[in-house]
Amino acid sequence: MWSMDGEQLSERPEPYRLARNERVRMRLINDTMMTHPMHIHGHFWQLVNGHGSHQPMKHTVRVLPGSFVDLDMTADAPGDWAFHCHLLYHMHAGMMRVVKVRPLEGGES
Ligand SMILES: [Cu+2]
């Protein structure tokens, strides 16, 4: 029932791939009737709030029903990172993905 980009983790979706030190903006769109506290490991997001350099640092962001948040992130931690809803029953139902940041230290894939 719970998914991200229409796929549950059990369906083995493609990870989100980022280049090391890549600067990205992520838009999390909640088209459900519940709030989802979205959490990423290994990184902090900057919440895009329209106040320029005064963007709070977050590793968990509540996305309200029928709403979205924009988040800026620098992928400065190489590795495989969990990105999921922090309501554990949502996560266990599939609302989780992997963010891959490459290259690693030795250039492995
Ligand atoms: Cu959730």
Side-chain angles (χ1 to χ4, degrees):
M1 170 157 190
W2 299 106
S3 65
M4 291 168 68
D5 282 340
E7 290 183 289
Q8 299 181 347
L9 187 66
S10 60
E11 298 175 274
R12 298 184 163 276
E14 269 297 296
Y16 299 120
R17 296 177 189 277
L18 299 175
R20 190 175 188 175
N21 294 323
E22 185 176 356
R23 182 79 172 160
V24 293
R25 176 161 293 179
M26 307 167 72
R27 173 166 287 183
L28 308 188
I29 301 168
N30 181 356
D31 60 6
T32 76
M33 301 291 280
M34 287 190 69
T35 295
H36 298 284
M38 300 303 296
H39 176 57
I40 193 165
H41 291 228
H43 294 83
F44 279 93
W45 287 309
Q46 291 167 273
L47 180 65
V48 177
N49 59 5
H51 295 287
S53 57
H54 300 285
Q55 299 189 148
M57 304 287 279
K58 299 276 199 181
H59 55 64
T60 306
V61 173
R62 285 171 5 112
V63 191
L64 301 181
S67 149
F68 67 88
V69 295
D70 285 332
L71 304 163
D72 287 342
M73 188 183 100
T74 302
D76 55 3
D80 294 342
W81 300 104
F83 171 33
H84 62 88
C85 180
H86 224 302
L87 291 178
L88 293 186
Y89 74 102
H90 288 179
M91 182 180 81
H92 290 150
M95 200 169 175
M96 174 164 169
R97 300 292 279 269
V98 174
V99 174
K100 274 184 178 290
V101 180
R102 295 292 188 273
L104 299 176
E105 209 52 65
E108 319 94 287
S109 61

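Atoms considered below: every heavy atom in the structure, side chains included; atoms not considered: hydrogens, waters and symmetry mates. On a predicted model such as this, the values are computed, not experimentally measured, just so you know. Ligands are counted one by one from 1 in listed order, and the atoms in each one are counted from 1 as well.
M4 contributes atom CE, which lies 9.5 Å from atom CG of L9 (distance to the nearest 0.5 angstrom).
Residues M73 and L71 are not in side-chain contact: their nearest non-hydrogen atoms beyond the backbone lie 4.5 Å or more apart.
The aromatic rings of H59 and F44 lie tilted to each other, with the angle between the two planes from 30° to 60°.
The two residues M1 and Q8 make their nearest non-hydrogen contact at N-NE2, 2.8 Å. The two residues L28 and F83 come nearest to each other via the heavy atoms CD2-CZ, 3.8 Å.
Taking a cut-off of 2.8 Å, the protein N, O or S atoms nearer than that to the Cu ion (ligand 1) are H36 ND1, C85 SG, H90 ND1.
In this structure, H90 has its ring center at least 6.0 angstrom away from the ring center of H92.
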